[in-house]
Amino acid sequence: MTTPSAATSSTASGQAHGPAPAQAGAPGGRRGSLGPVGLVLAGGISVQFGGALAVTLMPRAGALGVVTLRLLVAAVVLMVVCRPRLRGHSRTDWGTVIVFGVAMAAMNGLFYQSVARIPLGPAVTLEVLGPLTLSVLASRRAVNLVWAALALAGVFLLGGGGFSGLDPLGVAFALAAGAMWAAYIVFSARTGRRFPQADGLALAMAVAAVLFLPLGVLESGTKLLDPTTFALGAAVAVLSSVLPYTLELLALRRLPASTFAILMSLEPALAATAGFLVLDQALAATEAAAIALVIGASMGAVRTQVGRGKVKKAGR
């Protein structure tokens, strides 16, 4: 998933990934708009197909083992590429990045526990309720009650009126992962303000990997050292973390954060597609309608937040 990303929200993305994105009216903005949009979509596809690959790896390494491999490989790659400075940071800086890492570890662990029990599309749809709730609460506008009601209608459809068709524990893990995604967004933004470039992300990923390593070893033991298992885990790390983070970093240099957030709302649809193509997880008509409702609610909430920001700016 998206992961995971300082890149999972408009607020976090704009602050944690370097320079501010170009404005719509900037020179070349219209001509180059397809480029950054394509990068974001490519990153989303990479995340969701990486998640589908992770599901196929779970019988070999277990859910916790897969998360361990993903975080460990991603942490090594990011630490080597970013080479973050370890000295000169305050106690508050380290506290922020540690909490960011804890949120990242919990988000990934809970999500993978979810997709081990329910299809990928519904899992991502339930998970995205976390950022959606955060957006609605942050906006504090009456119209967001409409988006919240739309999302709840989608969740009701997804559960068939009571989640009888989905594993209740898988549903609970997905909702908990969504809560951690919201926390991830908050601390991603704070980390981005305190650390240059992607240094904070690299350090947080290292924290997450260290935290998860004992859990992965406890569940999977020497299976993690199997060459095939490790290679597949490394592929999951590249597809789900390294590649999308890089693509989103490049895109956000030229793409307005609001547009980025709307594109992130398409994650459930991308997840459902990956689940169908890789895992043969077909969706019923009601499940497809539920995903569409949640996507619509997410897009509406983002546009409402963006509109509010423009009004405030004009008022100044």
Side-chain angles (χ1 to χ4, degrees), residues 1-24 26 28-29 32 35-37 39-40 42-44 46-47 70-108 131 134 138 180-212 237-238 240-261 263-264 309:
M1 72 160 268
T2 157
T3 130
S5 40
T8 45
S9 82
S10 59
T11 302
S13 304
Q15 295 173 345
H17 285 283
Q23 298 299 317
V37 169
L39 291 174
V40 174
S46 180
V47 165
R70 171 184 169 174
L71 294 176
L72 186 62
V73 173
V76 170
V77 171
L78 288 172
M79 289 293 285
V80 170
V81 172
C82 297
R83 290 181 292 178
R85 183 168 52 87
L86 299 180
R87 295 182 179 179
H89 301 298
S90 68
R91 183 176 300 178
T92 303
D93 292 341
W94 281 111
T96 301
V97 84
I98 289 172
V99 175
F100 183 27
V102 171
M104 185 185 300
M107 176 181 68
N108 280 278
L134 181 63
M180 289 298 100
W181 192 355
Y184 171 96
I185 289 170
V186 172
F187 283 94
S188 171
R190 294 181 183 180
T191 300
R193 289 192 292 267
R194 291 181 173 276
F195 291 84
Q197 300 299 326
D199 286 12
L201 175 63
L203 292 170
M205 188 71 75
V207 170
V210 170
L211 289 175
F212 236 96
V238 172
S240 297
S241 297
V242 179
L243 183 58
Y245 290 164
T246 302
L247 293 175
E248 290 163 2
L249 171 63
L250 294 173
L252 280 163
R253 296 184 188 279
R254 294 182 289 159
L255 189 70
S258 57
T259 304
F260 178 85
L263 291 171
M264 286 292 97

Name every donor-acceptor pair, under 3.5 Å, that has one atom in a side chain of residues 72-89 and the other anywhere in the protein, sequence neighbours excluded.
from  : atom 1 : to    : atom 2 : distance (Å)
Arg85 : NH1    : Arg87 : O      : 2.4
His89 : NE2    : Arg85 : O      : 2.7

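- Here the closest non-hydrogen pair linking Ala105 and Phe212 is O-CE1, 3.2 Å.
- The nearest pair of heavy atoms linking Leu243 to Ser46 is CD2-OG, 3.5 Å.
- No side-chain heavy atom of Arg194 sits under 4.5 Å from any side-chain heavy atom of Val97.
- The line from CE of Met205 to CG of Asn108 is 7.0 Å long, rounded to the nearest 0.5 Å.
- In summary, the side chains of Asp93 and Ser90 do present a donor paired with an acceptor at a separation below 3.5 Å, with no hydrogens or angles considered.
- Met107 and Trp181 get closest at one heavy-atom pair: SD-CA, 3.7 Å.
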**Report entry** Verdict with reasoning, Met104 to Val207, per side chain to side chain contact (heavy atoms under 4.5 Å, CB included)
**Finding:** CA-CA 9 Å; Met104 185 185 300; Val207 170; over 6 Å; no

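- A heavy-atom distance below 4.5 Å is not found between the side chains of Phe195 and Leu201.
- Remark: the backbone N or O of Ser240 is paired with a side-chain donor or acceptor of Arg70 at under 3.5 angstrom.
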